[in-house]
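In the text below, chain A, chain B and the rest are named by the order of the sequence lines, each starting its count at 1.
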There are 2 protein chains.
Amino acid sequence: MNKIDTRIWTTEEVAADLERAVLEHRLPPGTKLGEDELAEAYGISRTIVRAALQALAHKRLVELRRNRGAFIAQPSVREAREVFEARSLLEPRTARSAAERMTGADLAILQANIDEEHTALDAGESGKALLLSGQFHVEIARIAHQATIEAFVSELISRSSLIIALYWRRRAALCETQAHHALMKAFTAQDGDTAEQLMKSHLLDLVASLDLRAVTEPATSLREALGR
Amino acid sequence: MNKIDTRIWTTEEVAADLERAVLEHRLPPGTKLGEDELAEAYGISRTIVRAALQALAHKRLVELRRNRGAFIAQPSVREAREVFEARSLLEPRTARSAAERMTGADLAILQANIDEEHTALDAGESGKALLLSGQFHVEIARIAHQATIEAFVSELISRSSLIIALYWRRRAALCETQAHHALMKAFTAQDGDTAEQLMKSHLLDLVASLDLRAVTEPATSLREALGR
DNA sequence: GTCGGCATGATTGTATACAATACTGTGCGC
DNA sequence: GCGCACAGTATTGTATACAATCATGCCGAC
């Protein structure tokens, strides 16, 4: 790993940098994050690295195993379902609130996000596109002026990125942008009802595009995996 | 502060112990949590204390001000509204799920919780009663088999405890237990519809019993608090 | 040849030393 | 007497040293 070592990295910056790497699928689930390795890469001591890892662990992006180290989390099928269950409780109603208080400036921000995502996709940067696609959802919570829900949604989106890395099935990537376009129309019309409904089905679509039948449970899978 | 210093405290245990103190209103909002002070009290080094404080900060129970130290959080009026908005999105639907998959063992646990709360109230331990009252809500999320939502609800309950400490108005404390009793009946009947509705109005009751008109924003409060 | 135990190395857990920053009180100047 | 500057103190921020734990590979016994 190589980083520009003239910079002084704070705990939050290290955590954000690692999170971004995870969300862009540059760090796949299960990757070991050695403390010395990271400390050297960022040119800081393990103290900061540990604090950053603890922060990410609290967001469930990283799993800390005592005396073993930190690993990029590998959400189970159950956890994947739970994450989308939580999202389905929070996001549709939040999209409604957002639609109802949407301003021109907000619309511009959302549109810029979609445009950037298109640019990234055209450039073949699918990781960056996925990151932006998630930011779209977080932005909606911000527009609804619900900082608390925004924090939850942000965490759920991050975890969703891991889930997608593990369980994504469909290779056709165009469904995403279509749904966001449809939401934009509802937002522009300040149509809360429609926004709520669209978000609801968008989330259902997302779950449907995952392969959650898989019996890839890390803990209990061994005997089943061997079929005996 | 005095603790039994024969015990070896882990980070999680220290965090849990502090959280319990906050939830029981033994540590009021705004209290400074000095690192040396805590380290000595638990008989550990500042390393562990800092990790525990960071964990609590992530749950928004503690506010970390750079180079200033850690303080028990003082949720603003806005934050209070946001917390109950989030709860109103998560808890009613979760109560429905819980009701539908409620077992006899689950009912027993919930009933035991209510009984303990009564005992605590009779013994004048209002802090412990409040803690148990919160645990009732978390237990419901656990019964619904939604660990992710459970974690969110747990955080929201903890923050609600701070909010109650700051903005509680009604002194009559019996409304709480009544609502929980009503929920128990719906759970016993495995009546999801009723459980969802009861939880919804229970949360509305809670907000209604707070005084959120207050202009008690920490920053601007000093002059007003002195009335001049 | 395979299994189990042991030694070695690598990595994490914890404490502590030192540096940087913010708070407190005193003294000097006006 | 009042206000500001400065020094001293206390507290937090960061790095590092050491201890504890785990992983790996070798060697001997069966």
Side-chain angles (χ1 to χ4, degrees), chain A residues 1 3-18 22 27-74 218-219 222 226, chain B residues 1 3-18 22 27-74 218-219 221-222:
Chain A
M1 283 203 199
K3 289 279 169 186
I4 304 152
D5 53 357
T6 54
R7 187 137 138 45
I8 296 168
W9 292 80
T10 70
T11 303
E12 292 75 21
E13 287 167 347
V14 171
D17 196 61
L18 285 172
V22 173
L27 288 174
T31 306
K32 167 95 188 261
L33 300 173
E35 296 182 358
D36 274 324
E37 199 178 357
L38 290 173
E40 196 182 0
Y42 288 99
I44 52 180
S45 83
R46 279 174 51 216
T47 309
I48 313 292
V49 171
R50 282 178 74 85
L53 290 176
Q54 280 180 322
L56 293 175
H58 208 190
K59 287 189 182 178
R60 315 275 185 144
L61 250 71
V62 155
E63 190 186 345
L64 294 179
R65 300 182 210 166
R66 188 170 176 85
N67 287 320
R68 295 274 189 90
F71 301 81
I72 306 292
Q74 297 178 298
L222 192 53
L226 301 174
Chain B
M1 283 203 199
K3 291 278 169 187
I4 303 151
D5 53 358
T6 54
R7 187 140 137 43
I8 295 167
W9 292 79
T10 70
T11 303
E12 293 74 23
E13 286 167 348
V14 171
D17 197 61
L18 285 172
V22 172
L27 288 173
T31 306
K32 167 95 187 263
L33 300 173
E35 296 183 358
D36 274 324
E37 200 177 356
L38 290 174
E40 197 181 0
Y42 288 99
I44 52 180
S45 83
R46 280 175 50 218
T47 308
I48 313 290
V49 171
R50 282 178 74 86
L53 289 175
Q54 281 179 323
L56 293 175
H58 209 115
K59 287 188 182 178
R60 315 275 185 143
L61 252 73
V62 155
E63 190 186 346
L64 293 179
R65 301 182 210 165
R66 188 172 176 83
N67 287 320
R68 296 272 189 90
F71 301 82
I72 306 291
Q74 297 178 301
S221 68
L222 191 53

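B:E63 places its CD atom 15 Å from the P atom of D:dT12, with the value rounded to the nearest Å. For the pair A:E35 CD and D:dC22 P, the interatomic distance rounds to 15 Å; values are reported in whole Å. B:Y42 places its OH atom 18 Å from the C1' atom of C:dT14, with the value rounded to the nearest Å. Atom CZ of A:F71 is separated from atom P of C:dT11 by 11 Å (rounded to the nearest Å). Between A:E40 atom CD and D:dA15 atom C1' there is a gap of 15 Å when expressed in whole angstrom units. Distance A:E37 CD to C:dT11 C1': 12 Å, rounded to the nearest Å. Rounded to whole Å, atom C1' of D:dA20 lies 12 Å from atom CD1 of B:I8. Atom CD1 of A:I44 and atom C1' of D:dT16 are 14 Å apart (whole Å).
Here A:R50 does not reach the OP1 or OP2 of C:dT12: none of its side-chain N or O atoms lies under 4.0 Å away. OP1 or OP2 of D:dT14 has not a single side-chain nitrogen or oxygen of A:T47 nearer than 4.0 Å. Here B:K32 does not reach the OP1 or OP2 of C:dC23: none of its side-chain N or O atoms lies under 4.0 Å away.
Sorted by first and then second residue, the pairs that involve residues 45-57 of chain B and meet salt bridge (charged side-chain N to carboxylate O under 4.0 Å, His left out), not counting sequence neighbours, are B:E35-B:R46, B:E35-B:R50.
Residues satisfying the side-chain hydrogen bond (donor to acceptor under 3.5 Å, both in side chains) criterion with B:T31, sequence neighbours excluded, are absent altogether. Not a single side-chain hydrogen bond (donor to acceptor under 3.5 Å, both in side chains) links B:T11 to another residue, sequence neighbours left out. For B:E12, the side-chain contact (heavy atoms from CB on, under 4.5 Å) partners at least two apart in sequence or on another chain are B:T10. Every residue meeting the side-chain contact (heavy atoms from CB on, under 4.5 Å) condition with A:E63, not counting sequence neighbours, appears here in chain and number order: A:R65.
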Between B:W9 and B:D17, is the side-chain contact (heavy atoms from CB on, under 4.5 Å) condition met? List the steps.
CA-CA 10 Å; B:W9 292 79; B:D17 197 61; 3.8 Å; yes
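Checked for salt-bridge contact, A:R7 and A:E13 meet the test: a charged N lies under 4.0 Å from a carboxylate O.
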What pairs of nitrogen or oxygen atoms, one from the protein and one from nucleotides 18-22 of chain C, lie under 3.5 Å apart?
{"unit_1": "C:dT21", "atom_1": "O3'", "unit_2": "B:N67", "atom_2": "ND2", "d": "3.3"}
{"unit_1": "C:dA22", "atom_1": "O3'", "unit_2": "B:R68", "atom_2": "NE", "d": "3.4"}

